[in-house]
Amino acid sequence: MTDGVLAEEPIDYPTLRPHPLRPPEAFAELRADRPICRLHYPGGAVGWFVTSHELGRAVLADSRFSSRASSLLFVDRRAMVESMAGAAPPGVVERYLHGQSREERLAAHRELFPTSRGDMLSQEAEGHSRLRKLHTGYFSVRAVRGWQDMLERIVGECVDAMEAAGSPVDLLEMYAKPVAAKMTCEVLGVPFADHARFTEPLAGHIDSAVDTGESDLERLQRATEALREYVMGVVARKRREPGDDLLSEIVTNGDLDDDELTGAARLLFHAAYETSTAQISLSAYALLREPELWQTLRDEPSLLPGAVEELVRYMSIVQPGATRDALEDVELGGVTIRAGETVTISLLAANHDPARFVDPARIDLRRDTNGHLGFGQGRHMCLGQHLARLELQTALRGLIERFPDLRLAVPDEEISLPTRHDYSFRLDGLPVAW
Amino acid sequence: MRIHADRERCVGSGMCVFHAPDVFDQDVDGAVLVRVSDADPERDDHVQRAVDGCPTSALSLVQASVESSDKDGREGTISRL
(Lines give C-alpha, C1' and ligand atoms only; values in the text may rest on other atoms or scores of the structure.)
Protein backbone atom coordinates (compact mmCIF):
# COMPACT_ATOMS: atom_id res chain seq x y z
CA MET A 1 0.00 0.00 0.00
CA THR A 2 2.80 2.36 0.90
CA ASP A 3 4.48 1.65 -2.41
CA GLY A 4 1.26 2.36 -4.24
CA VAL A 5 0.91 5.76 -2.65
CA LEU A 6 4.56 6.62 -3.16
CA ALA A 7 4.28 5.73 -6.81
CA GLU A 8 1.49 8.25 -7.23
CA GLU A 9 2.28 11.63 -8.69
CA PRO A 10 2.40 14.29 -5.95
CA ILE A 11 -0.38 16.84 -6.21
CA ASP A 12 -0.15 20.62 -6.16
CA TYR A 13 -2.02 22.21 -3.28
CA PRO A 14 -5.64 22.53 -4.46
CA THR A 15 -6.62 26.18 -4.56
CA LEU A 16 -9.65 26.48 -6.78
CA ARG A 17 -12.95 27.00 -5.01
CA PRO A 18 -16.28 26.21 -6.70
CA HIS A 19 -17.78 29.05 -4.63
CA PRO A 20 -15.90 31.41 -2.31
CA LEU A 21 -17.51 29.80 0.74
CA ARG A 22 -16.97 26.24 -0.43
CA PRO A 23 -13.78 24.19 -0.02
CA PRO A 24 -11.95 23.23 -3.21
CA GLU A 25 -13.68 20.22 -4.77
CA ALA A 26 -10.41 18.34 -4.92
CA PHE A 27 -10.55 17.98 -1.12
CA ALA A 28 -13.55 15.65 -1.28
CA GLU A 29 -12.02 13.53 -4.03
CA LEU A 30 -8.72 13.23 -2.19
CA ARG A 31 -10.38 12.47 1.13
CA ALA A 32 -12.41 9.66 -0.36
CA ASP A 33 -9.53 8.21 -2.33
CA ARG A 34 -6.29 8.91 -0.47
CA PRO A 35 -6.82 11.06 2.67
CA ILE A 36 -3.06 11.32 3.01
CA CYS A 37 -1.29 11.89 -0.28
CA ARG A 38 1.97 13.27 -1.65
CA LEU A 39 2.15 17.06 -2.02
CA HIS A 40 4.58 19.34 -3.85
CA TYR A 41 6.32 21.90 -1.66
CA PRO A 42 8.47 24.90 -2.59
CA GLY A 43 11.85 23.89 -3.90
CA GLY A 44 10.61 20.72 -5.48
CA ALA A 45 10.41 18.99 -2.11
CA VAL A 46 7.66 16.44 -1.75
CA GLY A 47 5.76 15.94 1.49
CA TRP A 48 2.26 14.99 2.50
CA PHE A 49 -1.21 16.45 2.47
CA VAL A 50 -3.99 15.36 4.83
CA THR A 51 -7.68 15.89 4.10
CA SER A 52 -9.53 13.62 6.55
CA HIS A 53 -10.54 14.60 10.07
CA GLU A 54 -9.23 11.39 11.59
CA LEU A 55 -5.73 11.66 10.15
CA GLY A 56 -5.53 15.42 10.57
CA ARG A 57 -6.34 15.18 14.23
CA ALA A 58 -3.89 12.31 14.63
CA VAL A 59 -0.97 14.30 13.20
CA LEU A 60 -1.71 17.41 15.25
CA ALA A 61 -1.97 15.42 18.48
CA ASP A 62 1.18 13.36 17.83
CA SER A 63 4.38 14.61 19.47
CA ARG A 64 6.46 12.87 16.79
CA PHE A 65 5.53 15.82 14.59
CA SER A 66 7.08 19.22 15.17
CA SER A 67 6.06 22.69 14.06
CA ARG A 68 9.54 24.09 14.71
CA ALA A 69 10.79 24.75 11.21
CA SER A 70 7.83 23.85 9.11
CA SER A 71 6.22 27.27 8.81
CA LEU A 72 8.68 28.01 6.04
CA LEU A 73 6.80 25.57 3.90
CA PHE A 74 3.37 27.11 4.33
CA VAL A 75 1.80 26.92 0.97
CA ASP A 76 0.77 30.57 1.08
CA ARG A 77 4.41 31.47 1.56
CA ARG A 78 5.21 29.89 -1.77
CA ALA A 79 2.71 32.10 -3.55
CA MET A 80 3.95 35.10 -1.64
CA VAL A 81 7.56 34.39 -2.45
CA GLU A 82 6.81 33.77 -6.11
CA SER A 83 5.21 37.19 -6.27
CA MET A 84 8.33 38.74 -4.74
CA ALA A 85 10.60 37.88 -7.62
CA GLY A 86 12.24 41.07 -8.83
CA ALA A 87 11.88 42.88 -5.52
CA ALA A 88 13.86 40.53 -3.32
CA PRO A 89 17.65 40.50 -3.11
CA PRO A 90 19.04 38.72 -6.17
CA GLY A 91 18.95 34.97 -5.91
CA VAL A 92 17.08 34.67 -2.62
CA VAL A 93 13.73 33.85 -4.15
CA GLU A 94 15.41 31.42 -6.49
CA ARG A 95 17.21 29.71 -3.62
CA TYR A 96 14.02 29.53 -1.56
CA LEU A 97 11.95 28.07 -4.36
CA HIS A 98 14.51 25.87 -6.05
CA GLY A 99 17.39 25.40 -3.63
CA GLN A 100 19.07 22.01 -3.84
CA SER A 101 19.02 21.25 -0.15
CA ARG A 102 16.60 21.85 2.65
CA GLU A 103 19.34 23.84 4.44
CA GLU A 104 19.76 26.15 1.47
CA ARG A 105 16.01 26.74 1.30
CA LEU A 106 15.84 27.34 5.06
CA ALA A 107 18.62 29.94 4.89
CA ALA A 108 16.86 31.73 2.04
CA HIS A 109 13.62 31.63 3.98
CA ARG A 110 15.30 33.27 6.95
CA GLU A 111 16.48 36.09 4.70
CA LEU A 112 13.00 36.65 3.35
CA PHE A 113 11.11 36.21 6.61
CA PRO A 114 13.24 36.90 9.66
CA THR A 115 12.03 34.47 12.29
CA SER A 116 11.25 35.46 15.76
CA ARG A 117 12.59 33.79 18.86
CA GLY A 118 9.55 34.79 20.85
CA ASP A 119 7.05 33.20 18.48
CA MET A 120 5.77 30.11 20.28
CA LEU A 121 4.23 28.70 17.11
CA SER A 122 7.70 27.94 15.84
CA GLN A 123 8.95 26.46 19.12
CA GLU A 124 8.74 22.98 20.55
CA ALA A 125 9.37 21.19 23.83
CA GLU A 126 10.89 23.37 26.59
CA GLY A 127 11.14 26.43 24.37
CA HIS A 128 7.43 26.16 23.62
CA SER A 129 6.26 25.45 27.19
CA ARG A 130 8.36 28.28 28.54
CA LEU A 131 6.59 30.75 26.25
CA ARG A 132 3.13 29.22 26.36
CA LYS A 133 3.06 28.96 30.16
CA LEU A 134 3.56 32.70 30.45
CA HIS A 135 0.28 33.21 28.61
CA THR A 136 -2.02 30.38 29.62
CA GLY A 137 -3.27 31.76 32.93
CA TYR A 138 -4.46 34.84 31.12
CA PHE A 139 -6.50 32.83 28.63
CA SER A 140 -8.06 30.23 30.93
CA VAL A 141 -11.81 29.77 30.79
CA ARG A 142 -12.08 31.40 34.22
CA ALA A 143 -9.92 34.40 33.26
CA VAL A 144 -11.80 34.94 30.03
CA ARG A 145 -15.13 35.07 31.87
CA GLY A 146 -13.75 38.16 33.58
CA TRP A 147 -13.64 39.93 30.24
CA GLN A 148 -17.36 39.64 29.54
CA ASP A 149 -18.10 43.20 30.72
CA MET A 150 -15.24 44.63 28.70
CA LEU A 151 -16.44 42.85 25.56
CA GLU A 152 -20.02 44.00 26.07
CA ARG A 153 -18.89 47.58 26.50
CA ILE A 154 -16.84 47.41 23.30
CA VAL A 155 -19.68 45.83 21.34
CA GLY A 156 -22.08 48.46 22.73
CA GLU A 157 -19.80 51.28 21.54
CA CYS A 158 -19.49 49.71 18.12
CA VAL A 159 -23.20 49.10 17.52
CA ASP A 160 -23.84 52.69 18.68
CA ALA A 161 -21.33 53.98 16.14
CA MET A 162 -22.82 51.81 13.42
CA GLU A 163 -26.32 53.02 14.17
CA ALA A 164 -25.17 56.63 14.26
CA ALA A 165 -23.54 56.23 10.84
CA GLY A 166 -26.90 55.10 9.46
CA SER A 167 -27.92 52.39 7.02
CA PRO A 168 -26.22 51.18 4.88
CA VAL A 169 -22.72 50.65 6.27
CA ASP A 170 -19.75 48.41 5.62
CA LEU A 171 -19.92 45.98 8.51
CA LEU A 172 -16.29 45.03 8.08
CA GLU A 173 -15.01 48.60 8.54
CA MET A 174 -17.69 49.83 10.94
CA TYR A 175 -17.98 46.80 13.16
CA ALA A 176 -15.68 43.79 12.73
CA LYS A 177 -12.46 45.80 12.62
CA PRO A 178 -13.28 48.19 15.49
CA VAL A 179 -14.52 45.36 17.75
CA ALA A 180 -11.37 43.36 17.08
CA ALA A 181 -9.06 46.37 17.42
CA LYS A 182 -10.61 47.56 20.67
CA MET A 183 -10.51 44.07 22.13
CA THR A 184 -6.86 43.70 21.13
CA CYS A 185 -6.01 47.04 22.74
CA GLU A 186 -7.80 46.14 25.98
CA VAL A 187 -6.26 42.70 26.33
CA LEU A 188 -2.74 43.74 25.41
CA GLY A 189 -2.94 47.00 27.31
CA VAL A 190 -2.32 49.62 24.64
CA PRO A 191 -4.39 52.77 24.09
CA PHE A 192 -7.00 52.56 21.34
CA ALA A 193 -5.51 55.73 19.88
CA ASP A 194 -2.57 53.48 18.89
CA HIS A 195 -4.62 51.03 16.89
CA ALA A 196 -3.53 52.13 13.41
CA ARG A 197 0.07 51.41 14.44
CA PHE A 198 -0.72 47.70 14.37
CA THR A 199 -3.81 47.41 12.16
CA GLU A 200 -2.14 49.13 9.19
CA PRO A 201 1.03 47.01 9.18
CA LEU A 202 -1.07 43.88 9.61
CA ALA A 203 -3.20 44.90 6.63
CA GLY A 204 0.04 45.46 4.72
CA HIS A 205 1.07 41.92 5.49
CA ILE A 206 -2.12 40.49 4.10
CA ASP A 207 -2.29 42.67 1.02
CA SER A 208 1.28 41.96 0.05
CA ALA A 209 0.40 38.28 -0.01
CA VAL A 210 -2.43 38.78 -2.43
CA ASP A 211 -1.86 37.69 -5.95
CA THR A 212 -2.63 41.00 -7.62
CA GLY A 213 0.54 41.21 -9.65
CA GLU A 214 1.54 44.36 -7.82
CA SER A 215 2.67 42.66 -4.64
CA ASP A 216 6.08 43.69 -3.52
CA LEU A 217 8.60 42.61 -1.00
CA GLU A 218 9.33 46.19 -0.03
CA ARG A 219 5.79 46.70 1.09
CA LEU A 220 5.90 43.53 3.17
CA GLN A 221 9.22 44.48 4.70
CA ARG A 222 8.00 48.00 5.43
CA ALA A 223 4.93 46.59 7.15
CA THR A 224 7.01 44.09 9.10
CA GLU A 225 9.40 46.82 10.18
CA ALA A 226 6.60 49.20 11.17
CA LEU A 227 4.96 46.54 13.31
CA ARG A 228 8.25 45.54 14.91
CA GLU A 229 9.06 49.14 15.72
CA TYR A 230 5.66 49.70 17.28
CA VAL A 231 5.77 46.48 19.28
CA MET A 232 9.31 47.21 20.54
CA GLY A 233 8.07 50.56 21.80
CA VAL A 234 5.16 48.91 23.58
CA VAL A 235 7.47 46.37 25.22
CA ALA A 236 9.78 49.14 26.43
CA ARG A 237 6.81 51.02 27.85
CA LYS A 238 5.58 47.94 29.69
CA ARG A 239 9.02 47.46 31.21
CA ARG A 240 8.96 51.02 32.52
CA GLU A 241 5.33 51.15 33.62
CA PRO A 242 3.73 47.71 33.88
CA GLY A 243 -0.06 47.75 34.01
CA ASP A 244 -2.82 45.22 34.49
CA ASP A 245 -2.67 43.55 31.10
CA LEU A 246 -1.28 40.53 29.32
CA LEU A 247 1.88 42.17 27.96
CA SER A 248 2.78 43.61 31.36
CA GLU A 249 2.30 40.19 32.86
CA ILE A 250 4.62 38.58 30.34
CA VAL A 251 7.19 41.34 30.72
CA THR A 252 7.10 41.19 34.51
CA ASN A 253 6.71 37.48 35.22
CA GLY A 254 8.85 35.99 32.51
CA ASP A 255 12.55 35.89 31.88
CA LEU A 256 12.24 36.82 28.22
CA ASP A 257 14.71 39.26 26.71
CA ASP A 258 13.48 42.19 24.64
CA ASP A 259 13.91 40.36 21.37
CA GLU A 260 11.80 37.43 22.55
CA LEU A 261 9.23 39.76 24.07
CA THR A 262 8.90 41.63 20.80
CA GLY A 263 8.34 38.36 18.94
CA ALA A 264 5.81 37.14 21.49
CA ALA A 265 3.94 40.45 21.46
CA ARG A 266 3.93 40.60 17.67
CA LEU A 267 2.30 37.18 17.53
CA LEU A 268 -0.36 38.35 19.99
CA PHE A 269 -1.26 41.43 17.94
CA HIS A 270 -1.42 39.29 14.85
CA ALA A 271 -3.50 36.52 16.38
CA ALA A 272 -5.86 38.74 18.34
CA TYR A 273 -6.72 41.20 15.61
CA GLU A 274 -6.68 39.43 12.27
CA THR A 275 -8.50 36.24 13.12
CA SER A 276 -11.22 38.07 15.06
CA THR A 277 -11.81 40.54 12.24
CA ALA A 278 -12.11 37.77 9.70
CA GLN A 279 -14.29 35.49 11.79
CA ILE A 280 -16.71 38.23 12.95
CA SER A 281 -17.28 39.51 9.41
CA LEU A 282 -17.46 36.07 7.78
CA SER A 283 -19.88 34.84 10.46
CA ALA A 284 -22.17 37.83 9.94
CA TYR A 285 -22.00 37.27 6.19
CA ALA A 286 -22.87 33.58 6.47
CA LEU A 287 -25.86 34.36 8.70
CA LEU A 288 -27.12 37.19 6.47
CA ARG A 289 -26.84 35.38 3.16
CA GLU A 290 -29.13 32.69 4.57
CA PRO A 291 -31.60 34.94 6.40
CA GLU A 292 -33.34 31.99 8.06
CA LEU A 293 -30.12 31.43 10.02
CA TRP A 294 -30.17 35.02 11.21
CA GLN A 295 -33.83 34.69 12.20
CA THR A 296 -33.19 31.44 14.03
CA LEU A 297 -30.51 33.07 16.17
CA ARG A 298 -32.71 36.11 16.74
CA ASP A 299 -35.55 33.90 17.94
CA GLU A 300 -33.38 31.48 19.93
CA PRO A 301 -30.38 33.36 21.32
CA SER A 302 -29.49 30.33 23.45
CA LEU A 303 -28.20 28.73 20.23
CA LEU A 304 -25.43 31.32 20.00
CA PRO A 305 -22.55 29.38 21.62
CA GLY A 306 -23.21 26.36 19.39
CA ALA A 307 -23.66 28.62 16.37
CA VAL A 308 -20.23 30.16 16.96
CA GLU A 309 -18.64 26.70 17.07
CA GLU A 310 -20.40 25.78 13.85
CA LEU A 311 -19.25 28.97 12.12
CA VAL A 312 -15.68 28.38 13.25
CA ARG A 313 -15.88 24.82 11.90
CA TYR A 314 -17.49 25.91 8.67
CA MET A 315 -15.08 28.76 7.86
CA SER A 316 -11.84 27.21 9.19
CA ILE A 317 -10.22 30.54 8.41
CA VAL A 318 -6.62 29.37 8.77
CA GLN A 319 -6.68 28.41 5.14
CA PRO A 320 -3.25 26.96 4.47
CA GLY A 321 -3.90 24.69 7.42
CA ALA A 322 -1.33 23.42 9.86
CA THR A 323 2.10 22.22 8.81
CA ARG A 324 4.31 19.81 10.74
CA ASP A 325 7.62 18.03 10.21
CA ALA A 326 8.05 14.39 11.17
CA LEU A 327 10.83 13.98 13.75
CA GLU A 328 11.05 10.24 13.04
CA ASP A 329 9.49 7.76 10.64
CA VAL A 330 5.76 7.55 11.33
CA GLU A 331 3.27 5.02 9.98
CA LEU A 332 -0.03 6.75 9.36
CA GLY A 333 -3.08 5.92 7.30
CA GLY A 334 -1.25 3.14 5.48
CA VAL A 335 1.78 5.21 4.49
CA THR A 336 5.19 5.81 5.99
CA ILE A 337 6.06 9.44 6.62
CA ARG A 338 9.84 9.63 6.72
CA ALA A 339 11.72 11.63 9.33
CA GLY A 340 12.14 15.21 8.08
CA GLU A 341 9.21 15.11 5.70
CA THR A 342 6.58 17.82 5.97
CA VAL A 343 2.88 17.20 6.41
CA THR A 344 0.22 19.82 5.75
CA ILE A 345 -3.17 19.27 7.34
CA SER A 346 -6.01 21.17 5.73
CA LEU A 347 -8.13 22.21 8.70
CA LEU A 348 -10.87 23.19 6.27
CA ALA A 349 -10.86 19.77 4.60
CA ALA A 350 -10.83 18.01 7.99
CA ASN A 351 -13.71 20.15 9.24
CA HIS A 352 -15.69 19.32 6.10
CA ASP A 353 -15.12 15.58 6.37
CA PRO A 354 -18.55 13.91 6.03
CA ALA A 355 -17.31 10.96 8.07
CA ARG A 356 -17.13 13.31 11.05
CA PHE A 357 -19.72 16.01 10.24
CA VAL A 358 -22.84 14.93 8.39
CA ASP A 359 -23.68 17.16 5.42
CA PRO A 360 -20.65 19.34 6.16
CA ALA A 361 -21.38 22.01 3.54
CA ARG A 362 -24.56 22.98 5.37
CA ILE A 363 -24.46 25.46 8.24
CA ASP A 364 -26.44 23.77 11.00
CA LEU A 365 -26.71 25.94 14.10
CA ARG A 366 -27.73 22.91 16.15
CA ARG A 367 -24.93 20.66 14.96
CA ASP A 368 -22.80 18.75 17.44
CA THR A 369 -19.44 20.22 16.44
CA ASN A 370 -17.46 18.38 19.09
CA GLY A 371 -13.94 17.68 17.89
CA HIS A 372 -13.80 20.29 15.13
CA LEU A 373 -10.29 21.46 14.30
CA GLY A 374 -11.11 25.14 13.77
CA PHE A 375 -8.85 26.07 16.70
CA GLY A 376 -6.32 23.40 15.80
CA GLN A 377 -5.41 20.52 18.07
CA GLY A 378 -2.38 19.29 19.97
CA ARG A 379 0.00 21.38 22.03
CA HIS A 380 -0.22 24.36 19.67
CA MET A 381 -4.01 24.48 19.91
CA CYS A 382 -5.22 28.08 19.83
CA LEU A 383 -4.23 29.84 23.02
CA GLY A 384 -6.98 32.44 22.74
CA GLN A 385 -9.81 30.12 21.77
CA HIS A 386 -12.02 30.84 24.78
CA LEU A 387 -11.59 34.57 24.37
CA ALA A 388 -12.36 34.18 20.66
CA ARG A 389 -15.55 32.28 21.48
CA LEU A 390 -16.74 34.91 23.92
CA GLU A 391 -15.81 37.73 21.57
CA LEU A 392 -17.68 36.14 18.66
CA GLN A 393 -20.74 35.37 20.76
CA THR A 394 -20.82 38.89 22.19
CA ALA A 395 -20.23 40.53 18.81
CA LEU A 396 -22.98 38.54 17.07
CA ARG A 397 -25.43 38.98 19.95
CA GLY A 398 -24.81 42.74 19.91
CA LEU A 399 -25.59 42.92 16.20
CA ILE A 400 -28.69 40.77 16.42
CA GLU A 401 -30.13 42.70 19.35
CA ARG A 402 -29.52 46.15 17.88
CA PHE A 403 -30.30 45.33 14.25
CA PRO A 404 -32.82 42.47 14.29
CA ASP A 405 -33.66 43.11 10.63
CA LEU A 406 -30.11 43.41 9.36
CA ARG A 407 -29.66 42.31 5.73
CA LEU A 408 -27.08 42.36 2.96
CA ALA A 409 -27.19 45.71 1.18
CA VAL A 410 -26.01 44.29 -2.13
CA PRO A 411 -26.70 41.02 -3.95
CA ASP A 412 -24.72 38.13 -2.54
CA GLU A 413 -22.63 37.84 -5.74
CA GLU A 414 -21.22 41.33 -5.16
CA ILE A 415 -19.64 40.43 -1.83
CA SER A 416 -15.94 40.07 -2.47
CA LEU A 417 -14.18 36.99 -1.14
CA PRO A 418 -10.97 35.34 -2.21
CA THR A 419 -11.65 32.70 -4.80
CA ARG A 420 -8.27 31.12 -4.26
CA HIS A 421 -7.80 28.92 -1.28
CA ASP A 422 -4.24 29.56 -0.26
CA TYR A 423 -4.54 32.94 1.44
CA SER A 424 -6.04 34.14 4.69
CA PHE A 425 -9.76 33.78 4.41
CA ARG A 426 -11.45 37.13 4.77
CA LEU A 427 -13.95 39.54 3.27
CA ASP A 428 -12.95 42.72 1.49
CA GLY A 429 -16.13 44.42 2.67
CA LEU A 430 -19.66 43.62 3.84
CA PRO A 431 -22.31 46.21 2.93
CA VAL A 432 -25.33 45.78 5.21
CA ALA A 433 -28.58 47.68 5.69
CA TRP A 434 -31.40 47.78 8.21
CA MET B 1 -13.78 5.25 37.58
CA ARG B 2 -11.57 8.12 38.53
CA ILE B 3 -10.33 11.00 36.44
CA HIS B 4 -6.58 11.14 36.15
CA ALA B 5 -4.91 14.40 35.15
CA ASP B 6 -1.28 14.56 34.10
CA ARG B 7 -0.38 18.16 34.82
CA GLU B 8 3.02 17.79 33.19
CA ARG B 9 1.39 17.08 29.83
CA CYS B 10 -1.26 19.77 30.25
CA VAL B 11 -0.72 22.85 28.05
CA GLY B 12 -3.59 24.80 29.59
CA SER B 13 -5.90 24.75 26.59
CA GLY B 14 -8.94 24.76 28.89
CA MET B 15 -10.78 22.32 26.65
CA CYS B 16 -11.71 20.21 29.69
CA VAL B 17 -13.34 23.21 31.38
CA PHE B 18 -15.10 24.00 28.13
CA HIS B 19 -16.60 20.51 27.98
CA ALA B 20 -17.21 19.84 31.68
CA PRO B 21 -17.10 23.04 33.72
CA ASP B 22 -18.55 21.30 36.79
CA VAL B 23 -15.70 18.83 36.89
CA PHE B 24 -12.60 20.72 35.74
CA ASP B 25 -11.01 24.06 36.45
CA GLN B 26 -7.66 25.73 35.74
CA ASP B 27 -5.16 27.12 38.21
CA VAL B 28 -3.72 30.63 37.94
CA ASP B 29 -1.25 29.37 35.33
CA GLY B 30 -3.99 27.74 33.30
CA ALA B 31 -3.08 24.14 34.20
CA VAL B 32 -5.84 21.60 34.79
CA LEU B 33 -7.47 21.07 38.16
CA VAL B 34 -9.91 18.24 38.77
CA ARG B 35 -12.61 19.47 41.12
CA VAL B 36 -14.45 16.17 41.38
CA SER B 37 -12.20 13.27 40.68
CA ASP B 38 -14.81 10.52 40.71
CA ALA B 39 -16.60 10.25 37.41
CA ASP B 40 -20.35 10.44 37.82
CA PRO B 41 -22.60 8.69 35.29
CA GLU B 42 -24.66 11.85 34.96
CA ARG B 43 -21.62 13.76 33.84
CA ASP B 44 -20.06 10.90 31.94
CA ASP B 45 -20.72 12.30 28.51
CA HIS B 46 -19.14 15.65 29.35
CA VAL B 47 -16.17 14.03 31.06
CA GLN B 48 -15.67 11.69 28.12
CA ARG B 49 -15.66 14.67 25.75
CA ALA B 50 -13.12 16.39 27.97
CA VAL B 51 -10.91 13.30 28.00
CA ASP B 52 -11.22 12.81 24.23
CA GLY B 53 -10.87 16.52 23.51
CA CYS B 54 -7.73 17.16 25.55
CA PRO B 55 -5.22 18.33 22.93
CA THR B 56 -2.29 16.65 24.68
CA SER B 57 -4.08 13.56 26.04
CA ALA B 58 -3.37 14.69 29.59
CA LEU B 59 -6.64 13.24 30.91
CA SER B 60 -7.64 9.63 31.38
CA LEU B 61 -10.27 7.60 33.15
CA VAL B 62 -8.76 4.95 35.39
CA GLN B 63 -10.35 1.98 37.13
CA ALA B 64 -10.31 2.26 40.89
CA SER B 65 -8.06 -0.83 41.11
CA VAL B 66 -5.56 0.60 38.61
CA GLU B 67 -5.66 3.91 40.34
CA SER B 68 -4.22 2.47 43.57
CA SER B 69 -0.94 1.79 41.78
CA ASP B 70 -0.76 5.50 40.94
CA LYS B 71 -1.32 6.47 44.56
CA ASP B 72 2.19 7.76 45.03
CA GLY B 73 1.34 10.29 42.35
CA ARG B 74 4.66 9.92 40.57
CA GLU B 75 3.01 10.87 37.34
CA GLY B 76 1.02 14.01 37.97
CA THR B 77 -1.58 14.11 40.64
CA ILE B 78 -5.25 14.67 40.89
CA SER B 79 -5.70 18.07 42.41
CA ARG B 80 -8.69 19.41 44.18
CA LEU B 81 -9.72 23.00 44.60
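Only heavy atoms go into these numbers, but all of them, side chains included; no hydrogens, no water, no symmetry mates. Sequence lines set the chain letters: A, B, ... in the order given, protein chains first and strands last, and positions in each chain run from 1.
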Give a yes or no on this: more than 12 heavy atoms of other residues, nucleotides or ligands lie within 6.0 Å of atom CG of A/D244.
no
Rounding to 0.5 Å, atoms OG (A/S63) and CZ (B/R9) come to a distance of 6.5 Å
Most contact-rich option vs chain A, by heavy-atom pairs under 4.5 angstrom, among B/V11, B/T56, B/V17, B/D27, is B/V11
Going by an N to O cut-off under 4.0 Å, is there a salt bridge joining B/D29 and A/K133?
no
Interface check, chain B: of A/L60, A/L134, A/N370, A/D62, most non-hydrogen pairs under 4.5 Å belong to A/N370
Exercise for the section: Decide salt bridge (Lys or Arg N to Asp or Glu O under 4.0 Å) for B/R49 and A/D368; before the verdict, give the C-alpha distance in whole Å, the side-chain angles of both, and the deciding distance to 0.1 Å. Expected result: CA-CA 12 Å; B/R49 282 175 178 236; A/D368 181 358; 2.5 Å; yes
*Do the side chain of B/Q26 and the main chain of A/G137 share a donor and acceptor less than 3.5 angstrom apart?*
no
Of A/L383, A/V144, A/T136, the largest count of non-hydrogen pairs under 4.5 angstrom with chain B goes to A/T136
For B/G30 and A/S140 the tightest heavy-atom approach is CA-CB, 4.4 Å
Nearest heavy-atom contact between B/G53 and A/Q377 is O-OE1, 4.0 Å
- prompt: Are more than 12 heavy atoms from other residues, nucleotides or ligands located less than 6.0 Å from atom CD of A/E152?
  reply: yes
Residue set satisfying salt bridge (charged side-chain N to carboxylate O under 4.0 Å, His left out) with A/R130, at least two apart, ordered chain then number -> A/D255, A/E260
Honestly, the part of B/C10 sitting under 4.5 Å from a heavy atom of chain A is neither
- Query: Do B/M15 and A/Q385 come close enough that some side-chain heavy atom pair is under 4.5 Å?
  - Reply: yes
Side-chain polar contacts of residues 307-316 of chain A - donor-acceptor pairs under 3.5 angstrom, sequence neighbours left out - could you list them?
{"residue": "A/E309", "atom": "OE1", "partner": "A/H372", "partner atom": "NE2", "Å": "2.8"}
{"residue": "A/E309", "atom": "OE1", "partner": "A/R389", "partner atom": "NH2", "Å": "3.3"}
{"residue": "A/E309", "atom": "OE2", "partner": "A/R389", "partner atom": "NE", "Å": "2.5"}
{"residue": "A/E310", "atom": "OE1", "partner": "A/R313", "partner atom": "NE", "Å": "2.8"}
{"residue": "A/E310", "atom": "OE1", "partner": "A/R367", "partner atom": "NE", "Å": "3.1"}
{"residue": "A/E310", "atom": "OE2", "partner": "A/R313", "partner atom": "NH2", "Å": "3.0"}
{"residue": "A/E310", "atom": "OE2", "partner": "A/D364", "partner atom": "N", "Å": "2.8"}
{"residue": "A/E310", "atom": "OE2", "partner": "A/R367", "partner atom": "NE", "Å": "2.9"}
{"residue": "A/R313", "atom": "NH1", "partner": "A/N351", "partner atom": "O", "Å": "2.8"}
{"residue": "A/R313", "atom": "NH1", "partner": "A/P360", "partner atom": "O", "Å": "3.2"}
{"residue": "A/R313", "atom": "NH2", "partner": "A/P360", "partner atom": "O", "Å": "2.9"}
{"residue": "A/R313", "atom": "NH2", "partner": "A/R362", "partner atom": "O", "Å": "3.4"}
{"residue": "A/S316", "atom": "OG", "partner": "A/R313", "partner atom": "O", "Å": "2.7"}
{"residue": "A/S316", "atom": "OG", "partner": "A/N351", "partner atom": "ND2", "Å": "2.9"}

Indicate yes or no: does A/R57 engage B/D52 in a salt bridge with an N to O separation below 4.0 Å.
no
Original post:
Does some side-chain heavy atom of A/R132 sit less than 4.5 Å from a side-chain heavy atom of B/S13?
Top reply: yes
